[in-house]
Student: 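Mind looking over this structure? Questions follow.
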Amino acid sequence: MPPTRDEVDAQLEELGARRLFEKVLSATDVRGGAVPGDRVVMPKRNTETHLPELESQAGVVLDVEDLEGQRYRLRLTYWTNSPSSGRMYILEGTSQLLQHYRLRTGDALVVARTGDGGLLMAGQRKQASRAGATCSRADCINKLGLALTLL
DNA sequence: TTAGCATGCATCATA
DNA sequence: ATGATGCATGCTAAT
């Protein structure tokens, strides 16, 4: 079971990393093609502001580590989509990372920057939706506390 | 209406 | 046949 948001944040703080953004996984992100979850569609805004700029469609190779120090070699590229959108960003080679955290549709991929400037990515458990949310007593109290601090 | 993205799908490679 | 790759299509939320 993937770590909760709070658990991820705690780990990040321990490692001296700062959270950049996260991507909620869609069905196609998780079951891409034959290789499950090998390519993830990345949000355009966050990708362009936080990740290295892409000169060409060849993309860039990203050296990434997870919360356990495991290393992955991922490739960031883009597709040119018909007029509506200029670019659509794709992260390739993610299947191992997704499997490591047992990520399913609705869970999220967290992107962070480590203290020494490296990239860190981690899995994060799906946030319970408010409507008909069934959560444990402890979780509900926890969420209430979080909501209050956000006010 | 448009931008952004989930997903479908045509095409090419591999075996 | 099966899988990989890149583009097209259409839905939805923000403008």
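Chain letters run A, B, ... following the sequence lines, proteins first, then strands; residues in each count from 1.
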Student: If I take atom CG in residue A:Asp38 and atom C1' in nucleotide C:dG6, what distance separates them, rounded to the nearest angstrom?
Tutor: 15 Å
Student: Rounded to whole angstroms, how far apart are CD1 on A:Ile90 and P on C:dC7?
Tutor: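 It is 11 Å, rounded to the nearest whole Å.
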Student: Would you kindly give the CZ-to-P distance between A:Arg75 and C:dA4, to the nearest whole Å?
Tutor: 14 Å
Student: If the condition is side-chain contact (heavy atoms from CB on, under 4.5 Å), which residues does A:His50 pass it with, not counting sequence neighbours?
Tutor: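 side-chain contact (heavy atoms from CB on, under 4.5 Å) list for A:His50, sorted by chain: A:Leu20, A:Phe21, A:Asn46.
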Student: Return the set of residues passing side chain to side chain donor-acceptor pair (under 3.5 Å) with A:Asp107 (not counting sequence neighbours), or none when no residue passes.
Tutor: none
Student: To the nearest angstrom, how far is A:Arg87 atom CZ from C:dA8 atom C1'?
Tutor: 19 Å
Student: Run the side-chain contact (heavy atoms from CB on, under 4.5 Å) test against A:Arg102 and tell me which residues pass, sequence neighbours left out.
Tutor: none
Student: Between A:Thr114 and A:Asp116, do the side chains contain an N or O donor and an N or O acceptor separated by less than 3.5 Å?
Tutor: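 A:Asp116 and A:Thr114 do have a side-chain donor-acceptor pair below 3.5 Å.
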Student: Which residues pass the side chain to side chain donor-acceptor pair (under 3.5 Å) test with A:Arg113, not counting sequence neighbours?
Tutor: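 Partners of A:Arg113 under the side chain to side chain donor-acceptor pair (under 3.5 Å) test: none.
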Student: Please list all pairs meeting ring pair (Phe, Tyr, Trp, His ring centres under 6.0 Å) that have one or both residues in residues 54-75 of chain A, counting only residues at least two apart or in different chains.
Tutor: none
Student: In this structure, how many angstroms lie between the C1' atom of C:dG6 and the CG atom of A:Leu91, rounded?
Tutor: 16 Å
Student: Side chain of A:Lys23: nearest nucleotide among B:dC5, B:dA6, C:dG6?
Tutor: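 Nearest to the side chain of A:Lys23 among the choices is B:dA6.
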Student: Rounded to the nearest angstrom, tell me the gap between atom OH in A:Tyr78 and atom P in B:dC5.
Tutor: 16 Å
Student: A:Lys44 side chain N/O closer than 4.0 Å to the phosphate oxygens (OP1, OP2) of C:dA14?
Tutor: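 Answer no for this pair, as no side-chain N or O of A:Lys44 is under 4.0 Å from OP1 or OP2.
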Student: Are there any protein N/O atoms within less than 3.5 Å of an N/O atom in nucleotides 7-10 of chain B, and if so, which ones and at what distance?
Tutor:
| from | atom 1 | to | atom 2 | distance (Å) |
| --- | --- | --- | --- | --- |
| B:dT7 | OP2 | A:Ser26 | OG | 3.3 |
| B:dT7 | OP2 | A:Ala27 | N | 3.2 |
| B:dT7 | OP2 | A:Thr28 | N | 2.7 |
| B:dT7 | OP2 | A:Thr28 | OG1 | 2.6 |

